[in-house]
There are 4 protein chains.
Amino acid sequence: MRDAKKSREKIIQNAIELFSKEGYHKTSLDDIAKKSNINKAMIFYYYKSKAGLYEEVMSKTLSDIYSTIKEAIKNSSRAKDNLKIFIETYAKYCIKYSYLPPLLLRELSSNGQNLPFEMRNKMYQLFLLLDSILKDGQKRGEFRENISIVIHFMITGTLNLFIVSKPLREDAKEFDSSFPSATEYSIEEICSYIYKTILKTLEV
Amino acid sequence: MRDAKKSREKIIQNAIELFSKEGYHKTSLDDIAKKSNINKAMIFYYYKSKAGLYEEVMSKTLSDIYSTIKEAIKNSSRAKDNLKIFIETYAKYCIKYSYLPPLLLRELSSNGQNLPFEMRNKMYQLFLLLDSILKDGQKRGEFRENISIVIHFMITGTLNLFIVSKPLREDAKEFDSSFPSATEYSIEEICSYIYKTILKTLEV
Amino acid sequence: MRDAKKSREKIIQNAIELFSKEGYHKTSLDDIAKKSNINKAMIFYYYKSKAGLYEEVMSKTLSDIYSTIKEAIKNSSRAKDNLKIFIETYAKYCIKYSYLPPLLLRELSSNGQNLPFEMRNKMYQLFLLLDSILKDGQKRGEFRENISIVIHFMITGTLNLFIVSKPLREDAKEFDSSFPSATEYSIEEICSYIYKTILKTLEV
Amino acid sequence: MRDAKKSREKIIQNAIELFSKEGYHKTSLDDIAKKSNINKAMIFYYYKSKAGLYEEVMSKTLSDIYSTIKEAIKNSSRAKDNLKIFIETYAKYCIKYSYLPPLLLRELSSNGQNLPFEMRNKMYQLFLLLDSILKDGQKRGEFRENISIVIHFMITGTLNLFIVSKPLREDAKEFDSSFPSATEYSIEEICSYIYKTILKTLEV
DNA sequence: CATGAATGAGAGTTCATTCAT
DNA sequence: AATGAATGAACTCTCATTCAT
């Protein structure tokens, strides 16, 4: 049968889910195989090794987010709009694929030791995208000089932490019902707040 | 040598180092024991379990950072100065104990599933510290209304990512020597930039 | 050789032997694996855990003895014959599977703490079998009122102890050659003696 | 301080309790030390090894039971009374020191491999005691010929199993409330039933 | 006598990976 | 292409025993 494609996808899909829920090490190939209803040996047949599967998972995910943002930005004109799009698209994507933030943070926090070249490169591409938006803004006289890498981390760091910390914040609220600004803000409001803050620091 | 204190400290010290370098799961107690030149069983003698050791490590670390910041803020007056102190102290601490950022990010990215109560609580306390600075600023008319949790993540997220991504950025520069704004900024400049950005969004 | 059935059987067979010779705790899975010429991990592959393997061993054993007795009794008519069959079959079985008595005694002597439900149930079934024989005897007017549980323990306790203590008694004889009635009786004679004794207490 | 004696006793006492509750292997010296509020190393100071402590425990226990029975029998005259005393004293003792039955059964069921000579000897002495009662009965013409070892096992086996299986029987009753003759008999009734049964087989 | 520190051997268990079919 | 069997190394944890003070 030519279910090869389907099998591969099932594997990837469940790997994504488990890796993001449990982390790389806590997720066993047995888990993935069982969840995918597929023989464990097939994972090796398709992806050579656990690391290989992981690389595939991350690669796919990052490619998706990159091209989604790129596409969204294409038709816009003003740099500040592009910035907004970048933030909102990134956020939307993180919400939609909730496994992404934990995965990214985890990857980054391991010094990129397990991080295969392609992934690293794709993360870099994403940053270059923002960098080009900012540079473009400067050229047009919209933005002043800035430290693009900090802007990048301000956006991604804040968003990732916000998303990732949700369960913790909800727990905290149970203990301290007055927990300030824990859960009452929507992701849109957060995006808007980040956008405004960054704009203030960028605009001439 | 038969010195409990020294043994305990050696264990903790090396655990900190390895946990932050390799992560919880990749670090084996064999590693820690060998590095500490100490019998593996002693880890259980002192800390009951791997999780127990981890809790001790994190607890100790977070307590330190909290009290350091608290102490530093005590003698200051203006809210904006407090904010600056918060950012700089947090940053300095993260630099000094470079294992902290990866540990924090990793913990957060696992939904706090393995996160013992005390740790969780200490992270919360740290946030409350910033929250009180911001609230104080509002009372004094220095700051306008804001979303403290976002400010918190803007500071910690940005700083943590900046520190944690350093090796990656350096690698990137080797491939793309024009890598924009990757390594030429000192942590002080980063802090200052973050501070300014946040101040702009806060000040009336 | 890649034969699941054979592997499983080899494991069970050696587990039975070792568990009954050394007891549950003294028998390590390493021992079983080595004796079976099988990779230790296979034990987990097949039986999930040491306890799981043990359960399998006991379950299999008890099922066998139960159905053997049941079968043997089926075609008999008088209650006293059934009683005799019960005793003799039980004894024969204990002799044939010499690991059984120590296993049973050991299990019982640990308050049934590690005793999985199924095993417990099977031991209970065995008692119910004797109980039904006795009740049947009463109905027919063959037997008088009695305490079936004591009868049960009289049979099984005596037989188990007799079998289990054999090496001890032989040792004793070496020191005290006049050791009374230590070894000169065959199991058949013992059975007969038990049967007669119990019959005397039962018959009207 | 000369608490040596007290310490030794505390250790023995708690060892008895734990060994009989959990069995030899499941009981760790840590457990015994903690329960006794005594430093673990002292156990080695006093008893050389875990096995040594165990030997002491068993030795003490068996000596007690032997001399208690011997004493009780001394003043009696008729063999049948002695038999009764033997059964009842043994039973009473087993009830009083509830750790004894499991210990004995466990020891027997391990082929006496761990069984130190002294213990073995004491168990033998106990049997000789009964044997002498029976022989005495024959001499007086009270009893007919018999197989003393079977009588011995009938008494001890039945009683030990009855006591040891108590928790199991109680559990069984929860599931099958009609559980026949499980719990309604007192130990005195059991003794009496055993006595009568044996007497019937013995009396001329 | 007494204690806490230290040891080393092994226990059960997990898991990525490979092999045979 | 697919499967279940098999492997071996590693992992966390336990424990009897010894050492130093």
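Atoms considered below: every heavy atom in the structure, side chains included; atoms not considered: hydrogens, waters and symmetry mates. In this text, all values refer to a predicted model and were calculated from it rather than measured experimentally. In what follows, every chain begins at residue 1, and chains take the letters A, B, ... in the order their sequences are listed.
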Identify all stems in which DNA chain E takes part, counting only runs of at least 3 consecutive pairs (Watson-Crick or G-U wobble, each distance under 3.5 Å), and give each as one range with another, ordered by first number.
E:2-21 with F:2-21

How are the rings of C:H25 and D:H25 set to each other: parallel, tilted or perpendicular (split at 30° and 60°)?
parallel

With sequence neighbours left out, which residue pairs that include part of residues 54-65 of chain C fulfil the salt bridge (Lys or Arg N to Asp or Glu O under 4.0 Å) condition?
none

Results of side chain to side chain donor-acceptor pair (under 3.5 Å) for B:Y124 - residues two or more places apart only
A:D176

When you check the phosphate oxygens OP1 and OP2 of F:dA10, does a side-chain N or O of B:S28 lie under 4.0 Å from one of them?
no

In whole angstroms, how far is the P atom of F:dA16 from the NE2 atom of C:H25?
12 Å

If you find the nucleotide of DNA chain E closest to C:D31 and the one closest to B:K5, which residue's nucleotide is nearer the 5' end?
B:K5

Given atom NZ of B:K34 and atom C1' of F:dC11, what is their separation to the nearest angstrom?
13 Å

B:M42 CE - F:dT17 C1' separation (whole Å):
14 Å

Please enumerate all residues that pass side chain to side chain donor-acceptor pair (under 3.5 Å) together with B:K50, with sequence neighbours excluded.
none

DNA chain E nearest-nucleotide lookup for B:A4 and C:A51: closer to the 5′ end is B:A4

From CG of B:L29 over to P of E:dA11, roughly how many Å is that when rounded to an integer?
20 Å

In whole Å, what is the span from the CG atom of C:N37 to the P atom of F:dT7?
9 Å

For the CG atom of A:N160 and the CG atom of A:L104, what is their distance to the nearest 0.5 Å?
6.0 Å

Figure out the CG/C1' separation between A:D30 and F:dT3, and round it to whole Å.
14 Å

Who are the side chain to side chain donor-acceptor pair (under 3.5 Å) partners of C:S36, not counting sequence neighbours?
C:N14

Which pairs of donor and acceptor atoms, one on a side chain in residues 27-34 of chain A, lie under 3.5 Å apart (sequence neighbours left out)?
{"residue": "A:T27", "atom": "OG1", "partner": "A:L18", "partner atom": "O", "Å": "3.1"}
{"residue": "A:T27", "atom": "OG1", "partner": "A:G23", "partner atom": "O", "Å": "2.8"}
{"residue": "A:S28", "atom": "OG", "partner": "A:D30", "partner atom": "N", "Å": "3.4"}
{"residue": "A:S28", "atom": "OG", "partner": "A:D31", "partner atom": "N", "Å": "3.0"}
{"residue": "A:S28", "atom": "OG", "partner": "A:D31", "partner atom": "OD1", "Å": "3.3"}
{"residue": "A:S28", "atom": "OG", "partner": "A:D31", "partner atom": "OD2", "Å": "3.3"}
{"residue": "A:D31", "atom": "OD2", "partner": "A:S28", "partner atom": "N", "Å": "3.4"}

Is A:K40 side chain donor-acceptor paired with the E:dT17 base, going by distance under 3.5 Å alone?
yes

Between E:dG10 atom P and C:K26 atom NZ, what is the distance in whole Å?
14 Å

Who are the salt bridge (charged side-chain N to carboxylate O under 4.0 Å, His left out) partners of A:K35, not counting sequence neighbours?
A:E17

Tell me which residues in residues 43-50 of chain D put a heavy atom below 4.0 Å from DNA chain F, sorted by number, or none.
D:F44, D:S49, D:K50

Using atom CD of D:E22 as one end and atom P of F:dT14 as the other, report the distance to the nearest whole Å.
15 Å

Please name all residues satisfying side chain to side chain contact (heavy atoms under 4.5 Å, CB included) with B:A41, sequence neighbours left out, ordered by chain then number.
B:N39

Is there a side-chain polar atom (N or O) of C:N39 under 4.0 Å from OP1 or OP2 of F:dA5?
no

Looking across every strand, which nucleic acid part, if any, lies under 4.0 Å from A:A41 by heavy atom: base, sugar-phosphate, or nothing?
base

